[in-house]
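Contents: one structure, followed by commentary.
Counting begins at 1 with the first residue of the sequence. Please read all numbers here as calculations on a predicted model, not as lab measurements.
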Amino acid sequence: MVAAAPAARLTLQREAIAPDTTAIRCLDWDRSRFDIEFALRNGTTYNSFLIRGERVALVDTSHVKFRDTWFPLLAAEIDPASIDQLIVSHTEPDHSGLIGELLERNPEIEIVASKVAIQFLADLLHRPFRSRAVKSGDSLELGTNPVSGVNHRIDFLSAPNLHWPDTIFSFDHGSAVLFTCDAFGLHYCSDDSFDTDPAAIAPDFRFYYDCLMGPNARSVLQALKRMDALPKPKLIATGHGPLLRDHLSLWINDYRDWSSQRTKGEKYVAVCYFSQYGFCDRISQAIAHGIGKAGAQVQLVDLRATDQQELTALIGQASAVVIPTAPARPDPELQQTLGTMLASLHGKQLLGAYDAYGGNDEPIDTTAGRLRELGHPQGFAPLRIRQVPGAADYQRCEEAGTDLGQLLMREQAIKAMKSLDSDSDKALGRLSGGLHIVTARQAERSGAMVASWVSQASFEPPGLTIAVARDRAMESLLQVGDRFVLNVLRQDDHQGLMRHFLKRFPPGADRFADVSVLADAASGGPVLSDALAFLGCRVEQRMECGDHWVVYGVVESGNVSDSEAMPAVHHRKVGNHY
């Protein structure tokens with residue numbers, strides 16, 4: 001008899017966070033995957049907010065899994081039928097999953113959202129509802145709270161692509177709270193409602209940015225410019241994780257710095273997608289994340305929400321364009337958009353195609369063939385998705401994006417290699433290192449890489465560091481809390497393993513095919529049978545160092561196969577490449 005899986009821990013919090021403002025935080029302690037199937041080590045939260053002026057507004061709802069607990073908690077705070085407006089920051093299901101049931105309890109509530117969000121909700125809810133479309137510069141007057149005397153006026157800021165095309169920010173002048181939904185959020189579940197310990201949440205804050213916000217760094221900078229025109233907020237009320245209050249300048253400056261770094265230069269990849277169509281959103285995000293890892297700029301382009309003039313500019317100015325399979329029978333407006341996109345392409349661009357897996361899209365071979373007829377060079381082989389995408393599919397898409405990004409940045413990389421001072425370069429190259437294979441496995445995902453920049457870093461606990469290039473596929477498997485295996489190669493017999501793991505693998509390929517491994521020797525990843533020794537490690541910390549991440553791992557297990565053999569050593573002549 002198979003034991004039933006333990007029930008996920010789902011709890012709720014209710015807390016006053018500002019004058020007349022209450023947060024309802026749904027804590028999803030055990031959630032382990034999100035969006036583009038990146039791993040979560042600390043669960044996540046879904047945050048909604050009540051603002052009481054003379055009238056009452058609710059900012060966002062929650063995930064449908066909290067249906068049975070969220071409504072009772074809301075009712076303990078206020079009668080749902082007395083809420084005047086529902087501000088929908090964006091329509092992703094983890095924030096909008098309970099809107100339909102809220103309408104059943106309060107049919108007269110007015111939904112305030114971007115024009116695109118209201119269109120999405122009309123398709124989602126299949127019922128009439130009162131609505132008001134807003135954009136940057138529009139306001140909502142809630143009036144003065146009769147008890148506190150505080151006047152609540154909400155100003156709206158359009159923030160498309162953070163990280164959905166329908167996103168809006170809402171700023172309450174009465175409390176100086178800025179409601180940003182996904183932007184500035186992080187997947188981190190704890191009983192602490194605020195950012196009291198920045199060191200604890202900083203790795204998750206950065207990882208969240210890299211996965212969800214970084215691919216739209218241009219849009220982030222535009223949103224920050226709009227924020228600069230507002231009074232300085234006292235608190236950023238995010239849709240995920242703790243609310244940002246105690247270290248607000250730190251988080252805003254991080255977004256500004258990271259986004260500025262990503263938008264340097266002129267070359268970028270336009271990754272096109274259809275919002276709310278099949279798995280197009282998630283697949284496009286995985287590709288975009290991989291492109292960003294290679295140091296290339298990327299811009300996600302929603303083919304449903306981008307106007308024709310902006311679409312022409314975004315596609316025409318891109319150095320590479322990634323295109324999904326389209327619905328087999330597009331409506332006239334979408335057909336026009338597809339025509340505009342194809343007409344905006346020019347011959348020097350790299351092109352790639354991926355399967356949106358929307359259920360009724362044209363075959364990817366048709367899309368790839370059409371692009372081939374245009375005579376463009378191929379950025380990567382067509383990404384065929386023949387099943388509901390899993391972690392391995394998303395990894396393949398990410399790796400394809402990285403290959404495209406490296407191809408785009410190749411000339412720049414060669415130029416950088418030649419730019420270092422020759423004497424310093426030669427001196428740096430005299431630093432020697434060992435030869436190792438780092439391996440990792442997580443459910444459907446696995447990876448391996450050759451590593452020579454490895455060093456013991458601590459005695460107690462026993463620990464080591466590995467320098468991992470930002471564009472390595474393995475980087476995604478070496479997040480804080482992940483486990484990996486360091487295989488130490490032997491001096492007298494390492495050429496075969498080196499040749500195997502140094503070759504270029506196509507996206508999603510099994511790195512361990514035709515390689516002998518020891519089953520269950522370590523929990524973090526495969527142990528290579530021909531290695532001299534192995535160390536099973538858990539990632540404790542990561543530090544960003546230029547074009548590399550330095551990963552610090554605590555050693556949890558290890559063994560030596562031959563106490564007489566010597567480890568392989570790697571010597572270089574120059575220090576500007578491996």
Side-chain angles (χ1 to χ4, degrees), residues 36 161 209-211 213-221 258-273 283-301 303 311-324 341-342 344-354 367-368 371-372 374-383 394-419 449 468-476 504-509 546-549 576-578:
I36 62 171
N161 298 320
Y209 171 89
D210 284 343
C211 290
M213 299 294 141
N216 285 307
R218 286 179 172 79
S219 299
V220 172
L221 291 176
W258 296 336
S259 299
S260 296
Q261 292 168 13
R262 282 177 174 259
T263 54
K264 289 179 180 178
E266 298 179 354
K267 291 185 176 182
Y268 70 89
V269 183
V271 179
C272 301
Y273 72 104
I283 295 170
S284 65
Q285 290 162 22
I287 296 170
H289 182 51
I291 294 167
K293 285 174 60 174
Q297 296 179 45
V298 61
Q299 177 66 47
L300 284 163
V301 181
L303 295 173
L311 179 63
T312 298
L314 288 173
I315 300 299
Q317 295 170 12
S319 299
V321 182
V322 179
I323 296 171
M341 176 192 68
L342 293 173
S344 302
L345 296 170
H346 60 79
K348 296 182 179 180
Q349 292 167 315
L350 297 169
L351 296 186
Y354 67 95
T367 301
L371 298 181
R372 204 163 39 244
L374 295 174
H376 293 244
Q378 181 175 268
F380 53 73
L383 291 168
Y394 290 116
Q395 180 183 3
R396 179 161 57 94
C397 292
E398 180 180 309
E399 291 175 2
T402 300
D403 286 351
L404 173 58
Q406 290 172 339
L407 190 60
L408 193 64
M409 302 298 290
R410 183 170 55 190
E411 292 182 7
Q412 183 174 325
I414 294 173
K415 184 178 179 181
M417 285 170 53
K418 296 178 179 179
S419 67
M449 74 172 203
V468 184
R470 293 171 63 93
D471 61 353
R472 289 293 185 93
M474 272 291 291
E475 183 270 340
S476 295
R504 193 171 188 88
F505 291 92
D547 55 5
H548 281 65
W549 287 96
N576 60 8
H577 61 279
Y578 295 117

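Counting heavy atoms from C-beta outward, Glu399 and Phe505 have side chains that stay 4.5 Å or more apart. With contacts defined as side-chain heavy-atom distances shorter than 4.5 Å, the pair Pro507/Thr402 does not qualify. Contact of the Val321 side chain with the Val269 side chain is not registered, since no non-hydrogen atoms from C-beta on lie closer than 4.5 Å. Looking only at side-chain heavy atoms (C-beta outward), His376 and Leu345 come within less than 4.5 Å of each other.
Considering CG of Leu404 and CG of Leu351, their distance stands at 9.5 Å, rounded to 0.5 Å. Considering CD of Gln285 and OH of Tyr394, their distance stands at 9.0 Å, rounded to 0.5 Å. To the nearest 0.5 Å, atom CD1 of residue Ile323 and atom CG of residue Leu303 are 8.5 Å apart. Rounded to the nearest 0.5 Å, atoms CZ (Arg472) and CH2 (Trp549) are 16.0 Å apart. Distance CG/Leu300 to CD1/Ile291: 8.5 Å, rounded to 0.5 Å. Atom CD of Glu475 and atom CG of Asp210 lie 7.5 Å apart (nearest 0.5 Å).
Between the side chains of Lys293 and Ser476, a donor-acceptor pair is found at a separation under 3.5 Å. Side-chain contact, Arg372 with Gln378: no donor N or O sits under 3.5 Å from an acceptor N or O. Side-chain contact of Thr367 with Tyr354: a donor-acceptor pair under 3.5 Å is absent, judged by distance alone.
Among all heavy-atom pairs drawn from Ser284 and Cys272, the shortest one is CB-O, 4.3 Å. Contact between Gln349 and Gly316 at its shortest, heavy atoms only, is NE2-O, 4.1 Å. Listed here is the closest heavy atom pair of Ser259 and Tyr209: OG-OH, 2.7 Å. Between Leu408 and Ala296, the closest heavy-atom pair is CD2-CB, 4.3 Å.
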- Before giving the answer on side chain to side chain contact (heavy atoms under 4.5 Å, CB included), spell out for Ser319 and Leu350 the whole-Å C-alpha distance, their side-chain angles and the decisive distance to 0.1 Å. CA-CA 7 Å; Ser319 299; Leu350 297 169; over 6 Å; no
- Give the C-alpha distance, both sets of side-chain angles, the deciding distance and a yes or no for side chain to side chain contact (heavy atoms under 4.5 Å, CB included) between Leu311 and Ser344. CA-CA 8 Å; Leu311 179 63; Ser344 302; 5.6 Å; no
- Query: Checking side chain to side chain contact (heavy atoms under 4.5 Å, CB included) for the pair Ile283/Tyr273: CA distance, chi angles, key distance, verdict?
  - Reply: CA-CA 9 Å; Ile283 295 170; Tyr273 72 104; over 6 Å; no
- Query: For Val271 and Gln299, what are the C-alpha separation, side-chain angles and deciding distance, and is it a side chain to side chain contact (heavy atoms under 4.5 Å, CB included)?
  - Reply: CA-CA 6 Å; Val271 179; Gln299 177 66 47; over 6 Å; no
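Applying side chain to side chain contact (heavy atoms under 4.5 Å, CB included) to Gln297 and the options Arg262, Arg218, Met409, Lys267 leaves one that passes, Arg218. Looking at Val301, Val298, Ile287, Leu383 one by one, the single match for side chain to side chain contact (heavy atoms under 4.5 Å, CB included) with Val322 turns out to be Ile287.
Distance alone, capped at 3.5 Å, is enough to place a donor-acceptor pair between the Asn216 side chain and the Asn161 backbone.
Contacts of Asp471 classified as salt bridge (charged side-chain N to carboxylate O under 4.0 Å, His left out), with partners at least two apart in sequence or in another chain: none.
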